[in-house]
There are 2 protein chains.
Amino acid sequence: MATLRDVARKAGVSISTVSHVFNGYDDIPAETRKRVWDAARELDYHPNASARSLVSRRSNLLGLVVPGRAGMRHPFLYAVICGVAEAIAGTRFGLTLSVAEDDQRSLREQVNRWKEQRLEGLIAMGFAEDHPVAQAILESGIPAMLVDTILESPRVSWVKSNDTEGAAQAVRHLLSLGHRRIAYIHGLGGQICQERLDGYRLALSEAGIPFDPQLVEVADFTKSGGYRAMNRILSRANPTAVFAASDLMAFGAMECLRDRGLRLPEDMAIVGFDDIDAASHVTPALTTVRQFGDRMGKEAAETLVAFLEGRIEKPHPSLVGTELVIRRSCGYSAKPYSMMA
Amino acid sequence: MATLRDVARKAGVSISTVSHVFNGYDDIPAETRKRVWDAARELDYHPNASARSLVSRRSNLLGLVVPGRAGMRHPFLYAVICGVAEAIAGTRFGLTLSVAEDDQRSLREQVNRWKEQRLEGLIAMGFAEDHPVAQAILESGIPAMLVDTILESPRVSWVKSNDTEGAAQAVRHLLSLGHRRIAYIHGLGGQICQERLDGYRLALSEAGIPFDPQLVEVADFTKSGGYRAMNRILSRANPTAVFAASDLMAFGAMECLRDRGLRLPEDMAIVGFDDIDAASHVTPALTTVRQFGDRMGKEAAETLVAFLEGRIEKPHPSLVGTELVIRRSCGYSAKPYSMMA
DNA sequence: AAATGGTACTACAACGTTATAGGAGTGGCA
DNA sequence: TGCCACTCCTATAACGTTGTAGTACCATTT
């Protein structure tokens, strides 16, 4: 692989001159500049990133940290990746990928790698606040942005969806369709769950409907958890609609309703949260609150880069908006199938 | 950040000695060794990867190349990533991520980055054989393994599922349930599609059933394409079962069948291909041929690493087995819901 | 006593860049 | 003629490692 020395020799100038040409110094006349560029092209010269970072003392590398096999698969991983990639295109930064397994040993190895590679920043997703990986990020001292993990330090901040508003959108939709007894399948987890519950209560109170704990059940974000929660609600209350804090739990609830012989959406309206792929494939297609993984990734990366480039004092939290996607699970007001995505 | 020099000073030895300790030379007595390690720990020393690769002339970096927003989302991306990560854990290699957008300009930028970073190998997924990214990989001269893209050169090879056998498994299952008129929704694409068709024909001929072109329709791997293909088949033939070359097309076919008032699975059995997440969420849950993204990623990375470490002469192609996942879409022979994944 | 061999280190030259400082040559001007 | 400024270029010292070739010292062996 060609080096600066080879290019210099070929162009008949010194190494310094070649370096100056590539780095845009303005003390080189056009004629020399062209000779150097031509030589570089002919030799297929590409500056050695290692040599460059050695002397410039920056790796130009950001790390993307995602959970491994054992962890929960983050439904927006791909979207977040695309958002991050979009945000760093055109900056000096490249991306490295860390798949963090849960055990202490391989976590230590990962952290060592981050430090050896002198990563300038991290973007992590899919870890709970108290997960060892989240803690390791804090301890590492590396600036970071977390997606869906609320953790702050002088060099760490987060991005997440506006869960309260998203949940309120969902419930307002059901209210607008005339529903008054709206059940809620709550998810067990961190702050995010609390916010979705807040949104549910907010929308109800806006409509002057008192909060009824009989209509609320908690589940564990799984499909079968949703199934069981729905069962418990139906055993003591008679809602006309259900809002589930995740699409997966909504699917479980749908299964439960069908098993009890109810027709969807005629006998029960249902709304989910997330808009995972499957939401548009189930029958009836699920009305749900869409989260924008790409925007979260983009926002995370932009904030991190702004911090690393010194354009902001410290990284700051962001909320990304959600969008209610209306499909058929609340009734046939939506577009006919052939038109639907 | 501490350097070898700092550690040397603290331990009261020379830089060379410290380097020898860390690199496992055996001419250092235990006592000195300990002094050096202690100093390193106290200073939180991490060897500088850039300096190391500069002198050793290897980056220790593999690149993972995935399609961006514009490209088709590869359903197994996450699984492949996990497989790759598993395979390279414990090797000297780290991973960088390239999200390749389609336009020529950003593709050139990506290739430049690969060369500047001196990536030792690439793993790419989700690009057709004639996609510019696939061509760029070939031209780059960087050793590579492609997932689901059949392309070979002295330093490039591929991994994919055993599509023929997978398709045959699906059709044999339908045959074993007594079906004789089995429709096939063919996908339009590269070699992979041809192989699935081969598997369909193979299973039929094993059973002594003649191939009937009336039962086959081609679609474009989308849901709506599957819907239309199903429609065309039903307009001229009366199958009792359908096999679709992808789950997405199977969903379209299911929608079509329902729109025509057929009951599933009573009036029509259906099998898909891929086992995407949604397959277990639709109703009836889809029986399908599971592909193992993690195994493909692992195989790709292992082959690439073996080549780079000189353990094999050149990278070789691999076929990864598939598994028929039996759910309810071919009848209720399967486990009851509460037991299902 | 001199040669041999082993142990425990160290010196030094790379690796491919960048940045700083400086030098040669030319032209203008007092 | 001497001085200065300007243009175009180059020398050199880092950056943090690794690997090779040594050296100093001591204990054996001949």
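Naming convention: chains lettered A, B, ... in sequence-line order (proteins, then strands); numbering from 1 in each chain. Only a predicted model underlies this, so the values are computations on that prediction, with no experimental measurement involved.
- In this structure, A:S56 reaches neither bases nor backbone, as no heavy-atom distance under 4.0 Å exists between it and the strands shown.
- Here D:dC15 presents its P atom at 18 Å from CG of A:N48, a figure rounded to the nearest Å.
- Going from atom CZ of B:R92 over to atom P of D:dT18 covers 14 Å, rounded to whole Å.
- When the side-chain nitrogen and oxygen atoms of B:N23 are compared with OP1 and OP2 of D:dT18, one or more of them lie within a distance under 4.0 Å.
- If you measure from atom CD of A:E116 to atom C1' of D:dT17, you get 12 Å, rounded to the nearest angstrom.
- Residue B:V13 is the one, among B:A51 and B:V13, whose nearest nucleotide of DNA chain C lies closer to the 5' end (criterion: closest heavy atom).
- As rounded to whole Å, 17 Å separates atom P of C:dC12 from atom CG of B:L4.
- Going from atom CZ of B:R9 over to atom P of C:dT10 covers 14 Å, rounded to whole Å.
- Closest to the B:V55 side chain, of the nucleotides D:dT17, D:dC15, D:dC9, is D:dT17.
- There is no side-chain donor-acceptor pair under 3.5 Å between A:S140 and A:W114.
- Of the candidates B:L146, B:L122, B:L304, B:L146 is the only one forming a side chain to side chain contact (heavy atoms under 4.5 Å, CB included) with B:V156.
- Side chain A:D27 to base D:dC9: a donor-acceptor pair is found below 3.5 Å.
- One interatomic measurement links the two molecules: CZ of B:R5 to C1' of D:dC15, which rounds to 11 Å at whole-angstrom precision.
- Of the two residues near DNA chain C, A:H20 and A:A2, the one whose nearest nucleotide lies more 5' is A:A2.
- When the side-chain nitrogen and oxygen atoms of B:R57 are compared with OP1 and OP2 of C:dG16, one or more of them lie within a distance under 4.0 Å.
- Heavy-atom distances to DNA chain D give each of B:L54 and B:S16 a nearest nucleotide, and the one nearer the 5′ end belongs to B:L54.
- Using a 4.0 Å cut-off, some side-chain N or O of B:S14 falls inside it from OP1 or OP2 of C:dT10.
- As a whole-Å value, the separation of A:K34 NZ from D:dC8 C1' is 19 Å.
- No donor-acceptor contact under 3.5 angstrom links the side chains of A:E129 and A:T149, judged on distance only.
- Of the side-chain N and O atoms in B:R52, one or more sit less than 4.0 angstrom from OP1 or OP2 of D:dT18.
- Without hydrogens or angle criteria, B:R33 side chain to B:I28 main chain gives a donor-acceptor distance under 3.5 Å.
- Taking 4.0 angstrom as the limit, B:T17 places none of its side-chain polar atoms (N or O) nearer than this to OP1 or OP2 of C:dC9.
- Between the side chain of B:T17 and the backbone N or O of B:V13 there is no donor-acceptor pair closer than 3.5 Å.
- Using a 4.0 Å cut-off, some side-chain N or O of A:S19 falls inside it from OP1 or OP2 of C:dT18.
- Listed pair B:Y25 / D:dG19 meets the phosphate criterion, a side-chain N or O lying under 4.0 Å from OP1 or OP2.
- Atoms CD1 (B:I15) and C1' (D:dT20) sit 16 Å apart, rounded to a whole Å.
- If you check every strand for non-hydrogen atoms under 4.0 Å, A:T32 touches sugar and phosphate atoms only.
- Residue-level contact check: A:Y45 touches the backbone only, with heavy atoms under 4.0 Å from sugar-phosphate atoms and none from bases.
- B:S53 and A:S50 are linked by a side-chain donor-acceptor pair at a separation below 3.5 angstrom, with hydrogens and angles left out of the test.
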